[in-house]
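In what follows, a single structure is set out as structure tokens and then discussed.
Note: hydrogens, waters and symmetry copies are ignored here, and every other heavy atom, side chains too, is used. Quick note on labels: first sequence line is chain A, next is B, and so on, each numbered from 1.
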There are 2 protein chains.
Amino acid sequence: MPESMYRQIAEELRQKIESGELAHGAQLPTELELRDQYDASRNTVRDAIKLLITRGLVETRPGQGTFVVEKIVPFVTILAGEAYESAGDSEIYVQEVAAKRRQPMTTKPRVEIQTADGSVVRDLQLELNAQVVTRHQQRYIDGIPFSLQTSYYPMSFVEQGAARLIQASDIPEGTVAYLRNELGLSQVGYRDKVTVRAPDANETGFFKLPDDGRVAVFEVRRTAFDQKRRPYRLTVSIYPTDRNQFTINVGQVPDELPDQPKTG
Amino acid sequence: MPESMYRQIAEELRQKIESGELAHGAQLPTELELRDQYDASRNTVRDAIKLLITRGLVETRPGQGTFVVEKIVPFVTILAGEAYESAGDSEIYVQEVAAKRRQPMTTKPRVEIQTADGSVVRDLQLELNAQVVTRHQQRYIDGIPFSLQTSYYPMSFVEQGAARLIQASDIPEGTVAYLRNELGLSQVGYRDKVTVRAPDANETGFFKLPDDGRVAVFEVRRTAFDQKRRPYRLTVSIYPTDRNQFTINVGQVPDELPDQPKTG
DNA sequence: GGGTATTTGTCCGTATGTATT
DNA sequence: AAATACATACGGACAAATACC
């Protein structure tokens, strides 16, 4: 079992990290020091470090060194649960974040009118080349980029009177309530599909992710249904996988234990 | 914007892939051909390819070449939805998979008695160092590794009469029904927590994932609650993110459109 | 099976650039 | 400005896996 040298080096470093010999945030020896320690070339040491990087164990900072990654306290998003079945999504987000004493912020929506592409046509059961209104928002928590969100509505809603859908301003009561009042559409359910994929350039930029694709993103597609059980809204939300977690409550579940506050 | 050379090469190749000029499954030029095309060294070309690999766009096969990855049809797992709130988890899995005309297979459970670690103690609200029964299973669909699953039960259940929990054989009616009949525990709800992380060595081995951590795994922790709203079961399921998708149905939703069958 | 050509994998040494302290 | 540390790029050598004859 003569594993290649750079894998052996990576493995030894990994064990030192997992055993706690190298703590979170601690600096590893420099590449030149590791070269001498393991009697290998600097390039081989770098191959070992690359392996640890894609495994999410360490990060490099030019001019500084290589460090064990800090543990991240994840954001929690609730996708399903008793209290959430009737409200809209934006309100949930605000109330959820506020409940944890964190400060949410949402940009003004960027509104566009587009021709629906394949996946939107399928989820909203539109005709091919139908027009849709897209409302795109960026969300922050405590100033940290949290999610990118794009909602799709049939353009016919606007023609039927929901004019504020195409205005680039917030809808204070939420679009769910707005569409209920304006068009008599009430949301009786939704379906979420959760997948993971590599981020695109937009997403790496907004979330400040490394530009190789080693931190993936969640893509949550929420299709909402009206009282006729027809899809009338599609919301696609993107979250980095390295700092997010989803919770789904079904049936009777107790309240979650809150995070321990730190010293006062 | 003098981007580094290997990034430029990767970008050009990426565009050829996304434009369809290089189709799924198609072979890229060899490293030596790319070296000549881009007037770079072989190592620089290899750096570009590594970037495309971590982005999940291409894969290399020693002795053969570099290929655009094939698109994968994802397995769909339903985490919440009307029909699923009362049944157990194993039965759901079998009925779900069978409904899509795929062949599920589950190994006999490997049963162990362990001292609960921190996260199990927290989710099951046990005392520190409490004993738990773990039942571990491997699941396949059409012979393909699908998920790794470990369930945790308090050891006190066995002492109270649920002796079959510590037998390494399947419980045909499902553990949910077994515990209801034996101990009067009925499952009135559950909470799922979905996170993504790098796979460990066990997981890369079972799922045949690349041994660098570039394909992450879902970790789904399901805590089930009894009629007193106390946690009585924890099931941790692991799925590779590159071929799995989760669906959560809330409220009234129509049936999902089935996949198109192929010719006949 | 064996042998050979092709292709990617590993490892080395070196030089220079860029970011940080 | 100088020193340190990682990033990029080159070229070369040999190993290992695969395909083909």
Side chain of [X], backbone of [Y]: donor and acceptor closer than 3.5 Å?
X	Y	result
B/Arg55	A/Asp211	yes
A/Gln114	A/Val132	no
A/Arg221	A/Thr195	no
A/Glu203	A/Asp200	yes

Separation of [N] [atom2] from [X] [atom1] (nearest whole Å):
X	N	atom1	atom2	result
B/Gln8	D/dA9	CD	C1'	13 Å
B/Ile49	D/dA9	CD1	P	14 Å
A/Leu34	D/dA5	CG	P	11 Å
A/Phe67	D/dA5	CZ	P	10 Å
B/Met5	D/dA7	CE	P	18 Å
B/Arg61	D/dA19	CZ	P	9 Å
B/Tyr6	D/dA7	OH	P	8 Å

A/Phe206 ring center near A/Tyr140 ring center (under 6.0 Å): yes
Ring centre gap for A/Phe218 and A/Phe246 strictly below 6.0 Å: yes
A/Ser237 and A/Arg139 side chains, donor-acceptor separation under 3.5 Å: no
Is any side-chain N or O of [X] closer than 4.0 Å to OP1 or OP2 of [N]?
X	N	result
B/Ser41	D/dC10	yes
B/Thr44	D/dC10	yes
B/Arg7	D/dT8	yes

Non-hydrogen side-chain atoms of A/Leu28 and A/Val68 separated by less than 4.5 Å: yes
Range on DNA chain C touched by chain A, heavy atoms, distance below 4.0 Å: C/dT10 to C/dT21
Sugar-phosphate, base or nothing in reach of A/Arg35, heavy atoms under 4.0 Å: nothing
Whichever of B/Ile53 and A/Val45 has its nearest DNA chain C nucleotide further upstream toward 5': B/Ile53
Atom pairs under 3.5 Å, N or O on each side, protein against nucleotides 12-17 of chain D: can you list them with distances?
none

Which pairs would a plain distance check flag for residues 238-245 of chain A, meaning a side-chain donor or acceptor within less than 3.5 Å of a matching protein atom at least two apart in sequence or in another chain?
unit_1: A/Thr241; atom_1: OG1; unit_2: A/Ala216; atom_2: O; d: 2.9
unit_1: A/Arg243; atom_1: NH2; unit_2: A/Phe207; atom_2: O; d: 3.1
unit_1: A/Asn244; atom_1: ND2; unit_2: A/Pro240; atom_2: O; d: 2.9

Identified pairing partner of D/dA1, criterion: Watson-Crick or G-U wobble below 3.5 Å: none
